[in-house]
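Remarks on the structure that follows.
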Amino acid sequence: MGLCGGEGSEEREREWVEAAEAVAYDSCTWPPPVVAVCGPGNSGKSAFSRLLLNTLLARYKRVAYLDTDVGQPEFTPPGFVSLHVLEEQTKDLTMLYLRPPKRCFFFGDVGAHRNPKLLLSYIFGLYDYFLQELYCFNETNNPQKSAIPLVINTSGWVKGIGLHVLSEILRYVSPTDVIRLHSTSEGKNLPDGAFWLDGHQGDSRVNLIVIRASQNSPRHLLVKKEARMIRDLRLIAYFRQCLPRDFPVFSCDDLVQGFSDIDPFQLPLSKIQVIDLHCQVSGGAVYDFLTGTIVGLGSSTCLPLSSECSSPWCIGLGFIKAVDIPGNCIHLITPASHHLLENIDIIFRSCITVPTCLLQVSDEVDDITERLRDL
């Protein structure tokens with residue numbers, strides 16, 4: 001079966017393979033390529049990125065992957081900007097596949113519209129980390145730090161603010177190659193040429209490759225509904241890691257029961273700084289709106305070495321079951337290890353919609369206190 005599916009799939013598959021091989025095996029690919037994959041939503045960016053990653057791995061053995069799509073990330077729950085290093089052929093990125101990132105920031109939303117400046121600072125911070133740690137040309141004897149290729153996954157939002165964010169990313173990164181997927185729906189496509197440069201002037205250092213999208217985009221409402229379902233599945237899969245591997249899950253009720261039975265980790269409220277990423281709540285009232293929300297977890301000791309971003313790295317997500325203000329305690333569940341949680345002193349409040357099976361396990365403080373007393 002072809003990579004792209006649909007009418008003309010064999011021709012598209014051949015075109016995609018040729019594009020990936022041109023990037024990976026072109027005689028000018030030293031230093032290793034930095035490749036941005038761009039195009040409208042549902043155009044096949046994930047499928048082509050998988051092909052490109054596997055093609056690059058055949059030559060370089062290690063490939064970095066910078067995921068800037070907070071709404072439809074490939075390896076994390078929604079809301080993250082993340083950097084990964086892959087050393088083996090990737091699985092089908094159309095399937096649910098979570099993997100721990102090398103470094104990540106928690107943006108706390110599924111689109112750039114609330115705070116594009118913050119999102120860009122996170123992306124720039126991760127790219128700076130890549131240059132410092134994974135794109136070193138004086139570390140040829142150190143395989144963990146020698147220069148490796150980078151594939152950048154971008155959002156399918158390519159109009160308005162989305163186009164602005166994409167253009168800023170491309171200007172900052174200055175990729176060696178830009179792959180642009182072109183849909184038959186002209187109104188959905190990116191502008192022609194090196195659109196991110198002033199006056200659309202071409203840049204001889206950029207290899208711009210245009211390939212056909214995988215299929216015609218379906219109706220907008222259908223795409224939005226599918227995107228919401230995938231985000232819920234990724235969040236459920238993430239918090240499913242809190243349960244034993246052999247825990248039987250046959251229905252949503254099983255998940256609710258399993259999550260309800262987890263004894264929450266307790267964070268001292270007085271130690272925690274709550275960062276309201278998108279300024280939804282003012283002043284001290286922020287604690288009153290934490291129960292039943294998904295938050296990012298961070299430590300003030302884990303700061304990136306980047307002039308573009310001063311926000312701490314994120315070590316994972318938590319779901320807050322209850323906040324006991326008189327008792328100075330936050331009760332949350334998270335798959336993060338207790339060793340890491342001991343250093344947590346920052347919580348990032350988010351706009352992420354909570355799946356129903358998690359919302360049903362928010363507890364009253366009295367209920368949690370009673371359960372802990374019985375242990």
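We use all heavy atoms of the structure for the numbers below, so side chains are in, but hydrogens, waters and symmetry mates are not.
The cluster map of Ile, Leu, Val, Met, Phe, Trp and Tyr, joined by side-chain heavy atoms under 4.5 Å apart, puts L269 and L267 in the same cluster.
Under the 4.5 Å side-chain criterion, counting only non-hydrogen atoms from C-beta, V23 is in contact with L52. Side-chain contact between I346 and S299: absent, with no pair of heavy atoms (C-beta onward) separated by less than 4.5 Å. With a 4.5 Å cut-off on side-chain heavy atoms, L66 and N153 do not count as touching. You'll find the side chain of D69 reaches within 4.5 Å of the side chain of D67, heavy atoms only. Annotation: side chain of Y60 is in contact with side chain of P149 (closest heavy-atom distance under 4.5 Å).
A distance of 8.5 Å separates SG in C38 from CD1 in I169, rounded to the nearest 0.5 Å.
Taking the centre and axis of the six-membered ring of W196, the NZ or CZ atom of R171 falls outside the cone set by 45° and 6.0 Å.
Ring-centre distance between F107 and H278: below the 6.0 Å cut-off. Separation of the W313 and Y122 ring centroids does not fall under the 6.0 Å cut-off.
At a cut-off of 3.5 Å, with distance as the only test, no side-chain donor of S49 or E74 sits close to an acceptor on the other residue. Defined by atom type and a distance below 3.5 Å, a donor-acceptor pair is present between the side-chain atoms of D128 and Y172. A donor-acceptor contact closer than 3.5 angstrom links the side chains of Q257 and D261. A donor-acceptor contact under 3.5 angstrom links the side chains of N328 and S270, judged on distance only.
In this structure, F319 and F239 have perpendicular ring planes: the angle between them is above 60°, well past the 30° mark.
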### Task
Please test Y65 against F75 for ring pair (Phe, Tyr, Trp, His ring centres under 6.0 Å), starting from the C-alpha separation and ending with a verdict.
CA-CA 10 Å; Y65 185 81; F75 298 126; 5.4 Å; yes

